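The structure displayed is predicted, hence computed values, not measured ones. Hydrogens, waters and symmetry mates play no part in the numbers below; they use all other heavy atoms, side chains included.
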Amino acid sequence: MDLPPDLHDWTLDPATAVALQTSLAPRVIREDRFDRVRHIAGVDIGFEDKGATTRAAVVVMHWPSLTVVEQVLERSATRMPYMPGLLSFRELPAALAAFERLETRPDLLMVDGMGIAHPRRLGIAAHLGLWLDMPAIGVGKSRLCGHHGEVPAALGGWTPLTHGSETIGAVLRTRERVKPLYISVGHRIALESALDWVLRCLTRYKLPEPTRQADRLASRRGAIATRSCLP
DNA sequence: GCGACAG
DNA sequence: ATCTTGTCGC
């Protein structure tokens, strides 16, 4: 992507960040453009020390066995405060550093947070997918914007998430009697396909395996920067 | 002006 | 997100 290569030093002011999102959003591809999936990566970012340290976890899983192939945990100093709508600027630096250490090239990304279900259509999943130029799906646990009706109680049931007259995502029931997930296009994939992949990666938990594993790694207390490959 | 507000 | 113990329930 043709943007400043010094993203790691970005400490943008809100107005600049918003302008950047507005210019990048149109580049997000919302349709399928990949045919073969061998590896799916889950991405999750957490914090420690009251947010002073950011920890990005990337777990690559083999498809369809859903076994862990590689995982990276990146810890770095946090550079931006949390501001609704500007989350990617706070979490991307650590995530990109994690990807630089990743040996496997995933075919699909499942990122915690929103894809285009964002005020300016550029949530962290879309931003990351765009930057890495990889198919990505936004898997959020709560709503950032938009509205929706009741979500079907049956596993797999879903209802559209709309913002004005536009469908920006779907609220999916990934487990009965449990709060639904907010799924949205991240990059290079259609909403319907995104929903299919999330459902295909479901086991017995609310979160699809890639995201669940990344979540587990990112929040594992006491963990230090690590990189490991499993056979 | 009054809420809402990913992680 | 994170700070935190036990506890109710399948």
For nucleotides 5-7 of chain B, print each protein N/O atom paired with a nucleotide N/O atom at under 3.5 Å, atom names and distance only.
residue	atom	partner	partner atom	Å
B/dC5	OP1	A/Arg143	NH2	2.5
B/dA6	OP2	A/Tyr82	OH	2.5
B/dA6	O3'	A/Ser142	OG	3.4
B/dA6	N7	A/Gly85	N	3.3
B/dA6	N6	A/Gly85	O	3.1
B/dA6	N6	A/Leu86	N	3.3
B/dA6	N6	A/Leu87	N	3.0
B/dA6	N1	A/Ile124	N	3.3
B/dA6	N3	A/Met114	N	3.3
B/dG7	OP1	A/Lys141	N	2.7
B/dG7	OP2	A/Ser142	OG	2.8
B/dG7	O3'	A/Ile45	O	3.3
B/dG7	O3'	A/Asp112	OD2	2.7

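- Checked against A/Leu172 for a side-chain contact (heavy atoms from CB on, under 4.5 Å), the options A/Ile183, A/Val151, A/Leu202 give a single hit: A/Ile183.
- Salt-bridge annotation for A/Asp133 and A/Arg188: present, with a side-chain N of the basic residue lying under 4.0 Å from a carboxylate O of the acidic one.
- In this structure a side-chain-to-backbone donor-acceptor pair under 3.5 Å is present from A/Gln21 to A/Gly85.
- A/Pro210 and A/Ala41 make their closest contact through CB-C, 4.1 Å (heavy atoms, listed as atom of the first residue, atom of the second, distance).
- Counting heavy atoms of neighbouring residues, nucleotides and ligands inside a 6.0 Å radius, atom CZ of A/Arg143 exceeds 12 of them.
- Between the CD atom of A/Glu48 and the C1' atom of C/dT4 there is a distance of 17 Å, given to the nearest Å.
- As a whole-Å value, the separation of A/His147 NE2 from B/dG3 P is 16 Å.
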